[in-house]
Trainee: 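Below: one structure in structure tokens.
Both ligands and their constituent atoms are indexed starting at 1 by order of listing. By convention here, the first residue in the shown sequence is residue 1.
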Amino acid sequence: MLKEMNIKVAQLSTSRGCLANCSFCVTKLYHKAWRGRSAVRMVDEIEDLKKRYGIRAFNIIDCSFEDPQISGERLKEFSSEILRRNLVISYYVHLRAESLKDVDINLLKLLKKSGLVTACIGLESGNEEDLKLYHKRASLSDVMNAIDICKKLDIHIDPGFINFNPYTTIQKLDQNINFLKKYGYASNPDYLLKSTFLYKGTQLYELAKKDNLMLRKIEKGRCFRFMEHGIVDLYNYVYEYLKEHEQNKLNYPAICHSASFLNVGISCMKHLLREDGFKSALEVLLEYCRDVLKINNSLNERNSDWFSALIELGKEGWNREKADNLSRKILPQEFLSESALKYSFLKQRLKIQMTKCNVSLELVYLINAILF
Ligand code: SF4
């Protein structure tokens, strides 16, 4: 929390450990069992931070907010207590996809009402094989179900996704890009490039080490070799193409940030403006969201078409010249920089319009922290 910068967002840790055991994750190395504070003590801390510092946006950094059991009493008590004390806050949590399989929808509605605006969910993959490799408890249908439920309840998902791992194949990439495109996540080019980091001691690290796939140092953002011949050309090309964009100062990070549609901060602002009854500011924000969605949709199409075309090229035999031609045709650098400019224009417009709306000082702080 950076009080001196008027950034009024607090991180809160209410538990340690996770009941799952994903093969790339270090949590189990540090916390063998789950332990957590009571719901009442969690809300006491929130109330105290709100009273003392005016904080109303909370990032709950627990590995899995739903442990030890999503249908248990802890979450119900937590959300009921926030509502009972009329705290009017917004919060961000981490959830697992399979937990939403048999969840009582009324509990989710209660959480939403109490301020749950964003759930970071480790979707991780668009293919079953990789979900098994990662030892995810969720199947692909659980993942898709989680997305659908959150969408229905207007809970924003901040997705965890791993496109590349040492055992990546062309077929898996094909499935991943179709998945990303279907849900609009391909608008963020970062997801195309995401590779798993292999931490020493994790199950996936040990497997890759046994298969002699570990690199001595990080190369182009990854610490492993690919088992399947040919993947490396595709990966390196995507990496260089997107990083070239960054080097040209065409604002690649800004694209990635803005393209995470209705990103964490926007969801939080939407909730607080609505709860506080700032109708005109909310309308301004919703207009911004609608315009961002248009840019995102076109990025989603282009990015995924580009990546799919590169996959097809990988299938027939990698050829750098053909790859360059495809990139110029489908995803020219000009298109990316135009998108970055459009995002930046919308942000500036939002900033100007917001300053004209009569919102409370604490929300002005929050808006500044989130947007600018
Ligand atoms: S669900 Fe998240 S925190 Fe838990 S083991 Fe998997 S990656 Fe780690």
Trainee: Are the charged groups of Lys76 and Asp104 less than 4.0 angstrom apart, N to O?
Mentor: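 Asp104 and Lys76: not salt-bridged.
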Trainee: Could you tell me how the ring of Phe179 sits relative to the ring of Phe161: parallel (under 30°), tilted (30 to 60°) or perpendicular (over 60°)?
Mentor: parallel
Trainee: Relative to the heavy atoms of Thr27, which atoms of ligand 1 are at a distance of less than 4.0 Å?
Mentor: 3 (S), 8 (Fe)
Trainee: Is a side-chain donor or acceptor of Lys181 paired with a backbone partner of Asp305 at a separation under 3.5 angstrom?
Mentor: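 Not a single qualifying donor-acceptor pair exists.
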Trainee: Give the residue and atom name of whichever protein heavy atom lies nearest to atom 1 (S) of ligand 1, and the separation in Å to one decimal.
Mentor: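 Residue, atom and distance for the closest contact: Arg96 CD, 3.4 Å.
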Trainee: Using 30° and 60° as the class boundaries, would you call the ring planes of Phe226 and Phe224 parallel, tilted or perpendicular?
Mentor: perpendicular
Trainee: Considering only protein heavy atoms, which is closest to atom 6 (Fe) of ligand 1, and at what distance to one decimal place?
Mentor: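 Among all protein heavy atoms, the one nearest atom 6 (Fe) of ligand 1 is Cys22 SG, 2.3 Å.
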Trainee: When you measure from atom 8 (Fe) of ligand 1 to every protein heavy atom, which one gives the shortest distance, and what is it?
Mentor: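 It is Cys25 SG, 2.3 Å.
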Trainee: Is there an N/O/S atom in Cys18 at a distance below 2.8 Å from atom 4 (Fe) of ligand 1?
Mentor: yes
Trainee: Please lay out, stage by stage, how Glu240 and Arg320 fare under the test salt bridge (Lys or Arg N to Asp or Glu O under 4.0 Å).
Mentor: CA-CA 12 Å; Glu240 282 164 16; Arg320 174 75 198 223; 3.3 Å; yes
Trainee: What residue and heavy atom of the protein are closest to atom 3 (S) of ligand 1, and at what distance?
Mentor: Cys63 CB, 3.6 Å
